[in-house]
Amino acid sequence: MHCISNSRDMGSLSGRICSCTICPLSISRKNAVPGEGPVDATIMLVGEAPGRDEDQLGRPFAGRAGAVLSRSLEAAGIDRQALFITNVVKCRPPENRRPLASEIQACLPYLHRQMELVQPRIVCLLGNVPCNALLGCEGVTKMRGRLYQDRYFVTFHPAAVLRNRNLEMLLISDFRQIASL
Ligand code: SF4
């Protein structure tokens, strides 16, 4: 019953996100990307913001970085379908620039509400933007591979692997660690 009402609440939250015009990113987006996954997921992945493919499709991690994510999760023995996957900012910043602090502040209540509904055991922060938004500090290279506040786990954003292939083994190793928690 609890799960049914949470699914309903998540559906209406996603609807609100898709029609949101609170910040200027609503003007340039094609589709908002609320996120997807089971509402009772044990693990939530939080990225930065949608990119071009995600904006086109309205789904998180649907492009090249998404392919890295899927591959790395599989290598770590984690089923992507079992995760709730979303971003700090739900609409694509133009030219994939880093979201502004004002955009993050405007959008963050949606992420907090998603976390309330899903109540994940682990929230995995992919890269510096989610790290800063939820922990108030950044520096993924130093912070990765550890649990903060008994809930937040920090690792690289899969897009970083596209720039530096050597990071893929570290990403997989971090996902393996999450699987063992
Ligand atoms: S980025 Fe967030 S706050 Fe801004 S328009 Fe999209 S959903 Fe609304």
Side-chain angles (χ1 to χ4, degrees), residues 3 5-41 43-70 80-81 83-120 122-140 148-149 151-163:
C3 196
S5 100
N6 273 15
S7 294
R8 200 176 47 226
D9 289 351
M10 185 63 84
S12 94
L13 179 64
S14 296
R16 289 213 313 276
I17 292 169
C18 286
S19 58
C20 177
T21 54
I22 290 175
C23 91
L25 293 181
S26 61
I27 298 166
S28 52
R29 74 168 180 232
K30 184 171 187 321
N31 291 295
V33 183
E36 62 188 26
V39 80
D40 59 351
I43 301 169
M44 180 182 272
L45 297 189
V46 182
E48 178 175 325
R52 189 191 54 205
D53 295 314
E54 291 77 16
D55 179 61
Q56 290 286 327
L57 297 169
R59 300 188 60 198
F61 287 95
R64 288 173 65 223
V68 171
L69 178 69
S70 297
R80 176 174 167 154
Q81 305 303 321
L83 312 181
F84 192 92
I85 304 179
T86 188
N87 288 295
V88 171
V89 164
K90 315 298 192 199
C91 302
R92 182 193 184 201
E95 309 305 323
N96 290 355
R97 64 158 168 73
R98 185 175 167 134
L100 304 176
S102 58
E103 293 158 353
I104 292 171
Q105 282 314 308
C107 211
L108 210 46
Y110 290 130
L111 177 60
H112 284 306
R113 182 64 184 137
Q114 288 174 323
M115 284 168 52
E116 266 174 27
L117 289 172
V118 177
Q119 295 187 19
I122 303 291
V123 178
C124 179
L125 308 175
L126 302 170
N128 279 323
V129 168
C131 207
N132 206 339
L134 290 163
L135 295 175
C137 56
E138 57 183 81
V140 165
Y148 298 84
Q149 300 171 21
R151 183 181 212 194
Y152 297 103
F153 188 94
V154 176
T155 190
F156 298 105
H157 192 286
V161 172
L162 296 172
R163 296 187 292 271

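On a predicted model such as this, the values are computed, not experimentally measured, just so you know. In each ligand, atom 1 is the first atom listed, and ligand 1 is the first ligand listed.
Distance check, rounded to the nearest 0.5 Å: NE2 of H157 to CG of L69 gives 8.5 Å.
Of the possible polar contacts, none joining the S14 side chain to the G35 backbone as a donor-acceptor pair under 3.5 Å is found.
Of all heavy-atom pairs between T86 and L111, the closest is CG2-CD1, 3.7 Å.
Sorted by first and then second residue, the side-chain hydrogen bond (donor to acceptor under 3.5 Å, both in side chains) pairs involving residues 45-61 (not counting sequence neighbours) are E36-R59.
In this structure, R98 pairs ionically with E138, as a charged nitrogen and a carboxylate oxygen lie closer than 4.0 Å.
For a distance threshold of 2.8 Å, the protein N, O or S atoms nearer than that to atom 6 (Fe) of ligand 1, listed by chain and number, are C91 SG.
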Using the side chain to side chain contact (heavy atoms under 4.5 Å, CB included) rule, take N6 and D40 through it: C-alpha gap first, then chi angles, then the decisive distance, then the call. CA-CA 9 Å; N6 273 15; D40 59 351; over 6 Å; no
